[in-house]
Amino acid sequence: MTAAATITIIFITLCLISGQVLCFKVIGCSGGSVMLKCMYKSDEQHNSTPLNQRESNDQFKGKYFCRNRDCKPGISTELQRRWVNNERFTLYDDENSRFFTVFIRNLSREDAGKYTCGNNQKWSRDVELEVNNNSSSCGTSVIRSAYKGQTITFSCEYEHEFETHTKVLYRVNRDPVLVLNSSQSSQSSEEKFILSDSQKDHFTVTIRDISAEERGVYLCGVERDGADKPPSETSNTHITFIKEIELKVHRQITSVQVEAYISKSVFIKCKFPEEFKENKKFIQIHSSQKIPVEQNQWIRHDRVHVFDDTSAGVSKVFISDLTAADGGTYRCGVNIADDHLFTEITLKISQGDHFRESSESVAVIGESVKLSCNYPEKQQLIKHICKENEEKICQSISSSEKQRFEFSDSTAGVYTASISNVSLKDAGVYWCGAETRHEHLTSVSLTNKHQLTLTMPPVIGREGDSVEIKCPYDEKHTEETCLRSGKCLSKVVKYLCKGKCFTKDAQNIIRSDEDNVIKPKISVKDDTELNLFTVNMTELRAEDAGKYWCAVRDVFNLLLELMIIMKDAVIHEASVGGSASISCKHIRKQTQKFFCRGDQPNICIRDGAPVSSNNRINGRFSLTEETSAGVFTVKISDLREEDSGKYWCAEESSGSFIFTEVQLHLTREMTTSDTKRETSQEKPEITSSETKKETIQETEKPEMTSSVIEKETIQETEKPDSFCQRL
């Protein structure tokens, strides 16, 4: 026979022969708690005592629950209607009841054994406390955090033997231990505390609309009584608490609703009191576990990025590629001692169908670019633009750069963001949207994505001449190694390619480490102090025209266009009021033809061509092609004085432009009293290399080539007057 069995038999025997001494058994579990009732004396004795004598009866004096004479461990008190604590033991004596209550918390195996409860004068009861530790669901302790206004639910697991037992929820709040609900009570969805028993393996507790008063320790328990004991054992109803829940209710700084849009992004900044700038911050998503925020570095959690800016005292949250499921409650908070402060954010996700999808824009270095942006038509919204960093987090433009960014309204719900004096560092992805500011929170709902690609200003060279192509690069690509001679070379190789570098169709023109390699017509220099890679090309030909890329490894490609002007220009003379037919030669087949006006060919193309292969008739201008002859002809009718000037014949193929310069000179008609008005006719074209003076005739002469100007006899349509004949 075991020692435990022997003790149990002795205890039962004593209980049976002990006259006034009554015995009962209480069962708890290691790590859990237990609550028992110590009855004053038998119900018959208690009921037979006159009511007016009960208060003076000695049985109400000197209550105790002790293990030995010095009551260590244990508790004793003379007080009534008041909870008395002694470490883990608590006693409460309600003089109007037939018992006093003993509560023992955080049981251990050492607590098991015999105890006595009673008063110092008249009566006592023997109590055997059994502490089990063979249950995985008993004695657990958890901490739950909640926020004002929140509703939380937690579960309390129990063993199969307790399926039909009454389940209870108690609360330890300073001194008293209060019963909040029971599975035997009627449940209403409007109550603060709701207990629901599955009668299988657990029951759930729901606490609604939490306030600061709900913080504290809660106990889940099951009632035990004599129903589950053999007849030989005398038992008393007691409660075995199987789970302890510490509920922390945190303080809220403010609550803000933020609206963002599906497939877009949102940026949120939470500001905290100055004294907590260095404290640890956290983010909580949909009431999940708190995510710690690292100080002064971005940390990614799927599509959520967080950053603690200790210098500014703010936490930053960036959420990209939003979906409807991202809507809900978020909290950004700061830990302070055993508590924390937080700002609650209700994120509302709306459809953004009326916002444009991402777009691509090209900006010329040194010039300006405009980006079109949408924003909700609401009051107190601030226009906003930001730029993605390498981690694809859209960050605000630095204060030193903001002066180059300007906003202007276009139409309702649309504004324009302009970037002036574009530089190499401006390339990248921009987002624009609307910013909303509150006292403790700033949010930016992003609406439009722009991929900004940079290009160098066009490089223009003339056939047979030389041209210098300058490729700037970022200083991070300036890693150097210096020779004994003192000459420093960049370790980072730069490239000039015709076609995008590192693609299969690219033609490698030259590399920065080939400055000692002899290449016909091409030389290179890499200036690491100026961060400038320069290529010189000589003896230019028409086929050199095209798109070139300056590149560093495969991380940087900068586009530029090399435009070629043919060396033979065309000079065409005509009279005001007449017409001009200008023939333009083209070198390549299957190209787009243009005819435009301007001092420089790139400006001419930028400002738009009056006529082209795609737009053959435009007012007084018309274009016809003779593909077999390699010529296209532009006719300008009803010539006016302002038509005089510089024009360009252009051909374009895959972004490769070749130009021929055209000078159109117009003369006015002469009228005197001795002459008849002559019908002004078109003059022949004169090349820039050889010009001969000719008489304006009344019929149109053919165009002259660049090498020969032919004289033709033109028939007159009118006879000269007699004065002219005499002359």
Side-chain angles (χ1 to χ4, degrees), residues 143-152 209-215 247-261 264-320 322 325-350 378 380-382 384 386 393-396 433-446:
I143 298 175
R144 290 291 303 271
S145 294
Y147 303 90
K148 292 179 181 180
Q150 187 182 359
T151 294
I152 67 165
D209 192 20
I210 289 176
S211 64
E213 287 70 27
E214 271 73 68
R215 66 165 56 99
L247 180 61
K248 294 184 176 182
V249 180
H250 302 294
R251 289 182 285 166
Q252 179 174 299
I253 298 175
T254 187
S255 178
V256 177
Q257 177 172 295
V258 174
E259 183 177 19
Y261 304 95
K264 310 299 183 183
S265 303
V266 65
F267 190 94
I268 298 170
K269 290 194 294 186
C270 301
K271 187 172 180 60
F272 300 102
E274 183 75 17
E275 62 267 28
F276 303 130
K277 287 173 63 172
E278 297 295 332
N279 290 41
K280 293 291 185 181
K281 314 298 191 308
F282 68 88
I283 298 295
Q284 190 173 36
I285 305 172
H286 303 332
S287 301
S288 62
Q289 292 290 331
K290 292 191 295 184
I291 300 173
V293 181
E294 294 293 330
Q295 292 186 337
N296 303 315
Q297 63 175 312
W298 284 101
I299 300 297
R300 179 178 179 178
H301 301 273
D302 193 15
R303 291 176 294 106
V304 180
H305 300 74
V306 292
F307 183 98
D308 178 16
D309 186 346
T310 55
S311 62
V314 299
S315 287
K316 301 177 181 179
V317 184
F318 182 75
I319 311 174
S320 60
L322 291 166
D326 292 320
T329 301
Y330 294 73
R331 298 179 183 90
C332 52
V334 55
N335 295 315
I336 51 172
D338 295 330
D339 198 0
H340 63 249
L341 295 172
F342 70 95
T343 292
E344 184 172 274
I345 304 153
T346 302
L347 182 58
K348 176 185 176 184
I349 306 297
S350 302
K378 298 179 180 178
Q380 298 180 339
L381 293 180
I382 302 169
H384 183 91
C386 57
I393 300 166
C394 202
Q395 296 190 284
S396 299
E435 178 179 320
T436 306
R437 295 177 183 174
H438 301 273
E439 182 179 0
H440 299 284
L441 183 139
T442 298
S443 65
V444 180
S445 296
L446 303 177

When Val334 is tested against each of Asn279, Val293, Thr343 for side chain to side chain contact (heavy atoms under 4.5 Å, CB included), which residue passes?
-> Asn279
Where the side chain of Arg215 meets the backbone of Lys248, is there a donor-acceptor pair that is under 3.5 Å apart?
-> no
Are side-chain heavy atoms of Tyr261 and Ser445 found at a separation under 4.5 Å?
-> yes
Has the side chain of Asn296 got a donor or acceptor atom that lies under 3.5 Å from a matching backbone atom of Thr310?
-> yes
Check the pair His286 / Tyr330 against ring pair (Phe, Tyr, Trp, His ring centres under 6.0 Å), numbers first and verdict last.
-> CA-CA 6 Å; His286 303 332; Tyr330 294 73; 5.0 Å; yes
Donor-acceptor pair, Glu214 side chain versus Ser211 backbone, under 3.5 Å?
-> yes
If only atom types and distance count, is the side chain of Arg303 paired as donor or acceptor with the main-chain N or O of Ser320 below 3.5 Å?
-> yes
Does a side-chain N-to-carboxylate-O contact under 4.0 Å join Arg437 and Glu435?
-> yes
Distance-minimising heavy-atom pair for Lys269 and Phe267 = CG-CE2, 3.4 Å
Near-ring test Phe272/His440, centroid separation under 6.0 angstrom = no
So, the side chain of Asp302 versus the backbone of Val304: is there a donor-acceptor pair under 3.5 Å, distance only?
-> no
Going by distance alone, is a donor N or O of one side chain under 3.5 Å from an acceptor N or O of the other, for Thr346 and Gln257?
-> no
Lys264 and Leu446 have their tightest heavy-atom pair at CB-O, 3.2 Å
Do the ring planes of His340 and Phe282 sit parallel (below 30°), tilted (30 to 60°) or perpendicular (above 60°)?
-> perpendicular
